[in-house]
Amino acid sequence: MRESSSPSEEKKQAPEAAALTDVGRVRSSNEDAFGLSVETGVFVVCDGMGGAAAGEVASRMAVDAIIERLCTDSGDLSSAALEAAIQAANRRVYDRAQVNPELHGMGTTLVALVLREGQAWVAHAGDSRAYQLRRGELTRCTQDHSLVEEQVRLGQITQEEADYSPLRNVITRAVGTAPFLMPEIVRLDVESGDLFLLCTDGLTGELSDEHIAAILGQQLDLQSCCERLIGEAKAAGGRDNVTCLLARVP
Ligand code: CA
């Protein structure tokens with residue numbers, strides 16, 4: 001999926017974006033989902049979980065709920081509006097899981113980026129991540145809501161122990177698993193040319209931040225860059241579904 005800049009001159013230039021998802025080399029279904037509205041600068045990646053097809057349902061519902069809430073308006077965004085959209089997505093997934101026994105317990109990670117008025121808002125719950133690349137330097141914008149990352153923060157285990165822990169997939173916040181959710185929301189200043197990457201742990205579980213930075217630094221077009229990221233994650237094992245979304249500030 002590729003989007004070009006807005007055809008209308010009087011409108012502000014829209015971000016350039018591309019996204020791709022892949023089932024990987026081991027799983028039989030893809031529980032990741034992504035959505036984007038380039039015109040209104042809204043980008044979302046989710047990684048669903050739950051038995052049977054529940055993970056797929058949760059991630060798709062959450063993506064659609066965020067896009068629906070935020071793409072009707074292209075003006076200024078407040079933290080409250082972004083939080084309200086995430087709460088609405090949470091409620092929608094949670095309520096659906098309550099009334100359908102097959103979907104009980106489903107949930108999804110969520111990482112959302114909104115690019116507007118020279119600012120970026122990043123919101124997340126779970127271990128899907130956002131990164132920002134500026135002049136070749138890659139910065140992580142999110143801290144995983146995962147058991148091992150919290151243990152690292154508390155000094156209980158080292159980063160290396162976390163990387164190899166059998167508990168590394170346990171997440172501590174998710175959309176849809178409880179009636180209320182506390183997402184983490186940050187506002188970042190952006191410069192023209194900044195590149196944002198949203199991705200699931202199927203990418204970051206296979207590739208180091210240095211490896212990701214090297215691929216992003218190859219100056220490929222965004223679609224080719226997504227293909228390269230996913231190709232290398234699969235070459236490194238492809239043990240999980242892999243999703244990446246790239247958005248460049250105009
Ligand atoms: Ca995953």
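Computed from a predicted model, the values in this text were never measured in an experiment. As the structure lists them, so they are numbered: ligands from 1, and atoms in each ligand from 1.
Inclusion of Asp47 in the first shell of the Ca ion (ligand 1) is supported: an N, O or S atom falls under 3.0 Å. The Ca ion (ligand 1) has an N, O or S atom of Asp240 closer than 3.0 Å.
The residue from Leu197, Val111, Leu198 that alone fulfils the side-chain contact (heavy atoms from CB on, under 4.5 Å) condition with Leu245 is Leu198. Exactly one of Asp47, Thr21, Asp22 qualifies for a side-chain hydrogen bond (donor to acceptor under 3.5 Å, both in side chains) with Thr243. That residue is Thr21.
The atom name of the N/O/S atom in Asp201 closest to the Ca ion (ligand 1) is OD1.
Taking a cutoff of 4.0 Å between a charged side-chain nitrogen and a carboxylate oxygen, Asp240 and Arg27 qualify as a salt bridge. Arg25 has no carboxylate O lying under 4.0 Å from a charged side-chain N of Glu206, or vice versa, which leaves the two without a salt bridge.
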